[in-house]
Amino acid sequence: MNNFTFEDMKQIKRTTLGAEVPLELFRAIRLIGMYQGLPSGGKGTTMTIGRKIGQSLPVTSLEELLHLLEELKIGIPHILSTNEKGMTIAVEDCFCEGLPIHEGQMVCDLEGAILEGALSKIYNKRVTAKEIKCNVNGDERCEYELRF
């Protein structure tokens, strides 16, 4: 089987139902199917998937990446801080906004891995992402610490 590209994902011909699916379905796939259905909360799987998605995104700069994340309705990203060792990015209006609070739980590792994969490609060096805040944990927004 040939690999799909990000451009392939834009080819949608659903004449009746259209191009969008409900957020509830995405949440169910992520939090019931993967988070609850896979070992270790599916973290290894979501990290691998996220990195691959990030690497496939058609972006060549941080600005393009942040714009695309908002365009794809992943969330509204903002750079909180940056230095030579990395940066911290907040994501407002993340997919988990409004879910019940489960203190101690961080469920947005896919979004962090997407950032990691895309930034590794953009900067041509290894980037690691760690989710440090999550709406599900009771935080006011999701945040990621990215290290170069």
Side-chain angles (χ1 to χ4, degrees), residues 3-6 9-10 12 14 17-148:
N3 291 331
F4 287 102
T5 67
F6 187 79
M9 300 302 107
K10 294 179 181 182
I12 300 166
R14 289 176 19 141
L17 295 177
E20 297 184 12
V21 296
L23 184 57
E24 296 90 334
L25 176 60
F26 180 74
R27 284 176 164 179
I29 292 167
R30 288 276 306 282
L31 299 177
I32 297 172
M34 295 178 76
Y35 192 74
Q36 294 175 10
L38 294 173
S40 302
K43 295 254 187 232
T45 302
T46 54
M47 293 300 289
T48 300
I49 291 168
R51 285 183 196 111
K52 192 70 173 172
I53 292 169
Q55 292 165 357
S56 75
L57 295 177
V59 294
T60 57
S61 70
L62 175 60
E63 294 74 24
E64 287 179 3
L65 173 60
L66 299 180
H67 177 74
L68 183 59
L69 294 176
E70 188 168 348
E71 184 179 301
L72 293 172
K73 298 184 180 182
I74 291 173
I76 303 168
H78 305 283
I79 299 170
L80 298 179
S81 64
T82 185
N83 61 42
E84 67 280 348
K85 294 181 181 181
M87 66 181 69
T88 303
I89 295 179
V91 176
E92 308 282 348
D93 216 14
C94 185
F95 95 100
C96 70
E97 183 82 31
L99 286 169
I101 292 174
H102 292 264
E103 287 187 32
Q105 303 231 352
M106 306 280 190
V107 298
C108 298
D109 48 307
L110 178 71
E111 290 74 10
I114 291 171
L115 286 167
E116 184 178 301
L119 291 173
S120 292
K121 180 181 83 170
I122 290 167
Y123 295 132
N124 197 29
K125 63 172 120 177
R126 187 163 193 278
V127 177
T128 59
K130 179 181 179 187
E131 184 179 15
I132 57 174
K133 290 186 179 181
C134 185
N135 291 302
V136 169
N137 184 53
D139 298 311
E140 69 281 2
R141 63 181 172 231
C142 296
E143 284 185 21
Y144 303 90
E145 188 175 84
L146 297 127
R147 295 283 167 229
F148 306 143

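Note that the structure is a prediction, hence the values are computed from the model and not measured. Values below: every heavy atom of this structure, side chains too, minus hydrogens, waters and symmetry copies.
For the pair T88 and Y144, the minimum side-chain heavy-atom distance is 4.5 Å or more. Proximity of I89 to L80: side-chain heavy atoms (C-beta onward) are nowhere separated by under 4.5 Å. Using a 4.5 Å cut-off on side-chain heavy atoms (C-beta onward), V91 and C108 make no contact. With contacts defined as side-chain heavy-atom distances shorter than 4.5 Å, the pair T128/R126 qualifies. No side-chain heavy atom of C134 sits under 4.5 Å from any side-chain heavy atom of Q105. Side-chain contact between L69 and L115: present, with at least one pair of heavy atoms (C-beta onward) separated by less than 4.5 Å.
For residues 80-95, the pairs satisfying salt bridge (Lys or Arg N to Asp or Glu O under 4.0 Å) are E92-R141, with sequence neighbours left out. The salt bridge (Lys or Arg N to Asp or Glu O under 4.0 Å) analysis of residues 23-37, with sequence neighbours excluded, yields the pairs R30-E111.
Judged as a side chain to side chain contact (heavy atoms under 4.5 Å, CB included), and not counting sequence neighbours, the contacts of K133 are D139, E140, E143. In terms of the ring pair (Phe, Tyr, Trp, His ring centres under 6.0 Å) criterion, F6 has no residue partners (sequence neighbours excluded). L31 pairs by the side chain to side chain contact (heavy atoms under 4.5 Å, CB included) definition with Y35, F95, L99, V107, not counting sequence neighbours. Residues forming a side chain to side chain contact (heavy atoms under 4.5 Å, CB included) with E145 (at least two apart in sequence, or on another chain): I132, R147.
Here the CZ-NZ distance, from R51 to K121, works out to 16.0 Å after rounding to the nearest 0.5 Å. For the atom pair CD1 (I114) and CE (M47), the distance works out to 10.5 Å, reported to the nearest 0.5 Å. Considering NZ of K52 and CG of L57, their distance stands at 12.0 Å, rounded to 0.5 Å. We find the CD-CG distance between E63 and L68 to be 13.0 Å, quoted to the nearest 0.5 Å. The CD atom of E70 sits 12.0 Å away from the CG atom of L65 when rounded to the nearest 0.5 Å.
Considering every non-hydrogen atom in both M87 and L62, the closest pair reads CE-CD2, 3.9 Å. Shortest non-hydrogen contact noted between N135 and I101 is O-CG1, 4.1 Å. For the pair K43 and M106, the tightest heavy-atom approach, listed with the atom from each and the gap, is NZ-O, 2.7 Å. Across all non-hydrogen atoms, the minimal contact from I49 to M34 is CD1-CE, 3.5 Å. Considering every non-hydrogen atom in both L146 and A129, the closest pair reads CD2-CB, 3.6 Å. The two residues I53 and S56 come nearest to each other via the heavy atoms O-OG, 2.8 Å.
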E64 vs T60, side chain to side chain donor-acceptor pair (under 3.5 Å): CA-CA, chis, key distance, verdict: CA-CA 7 Å; E64 287 179 3; T60 57; 3.1 Å; yes

Residues L38, T46; criterion side chain to side chain contact (heavy atoms under 4.5 Å, CB included); working and verdict: CA-CA 10 Å; L38 294 173; T46 54; over 6 Å; no

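A 6.0 Å sphere centred on CD of E71 holds more than 12 heavy atoms belonging to other residues, nucleotides or ligands. Within a 6.0 Å sphere centred on CG of N83, heavy atoms belonging to other residues, nucleotides or ligands number more than 12.
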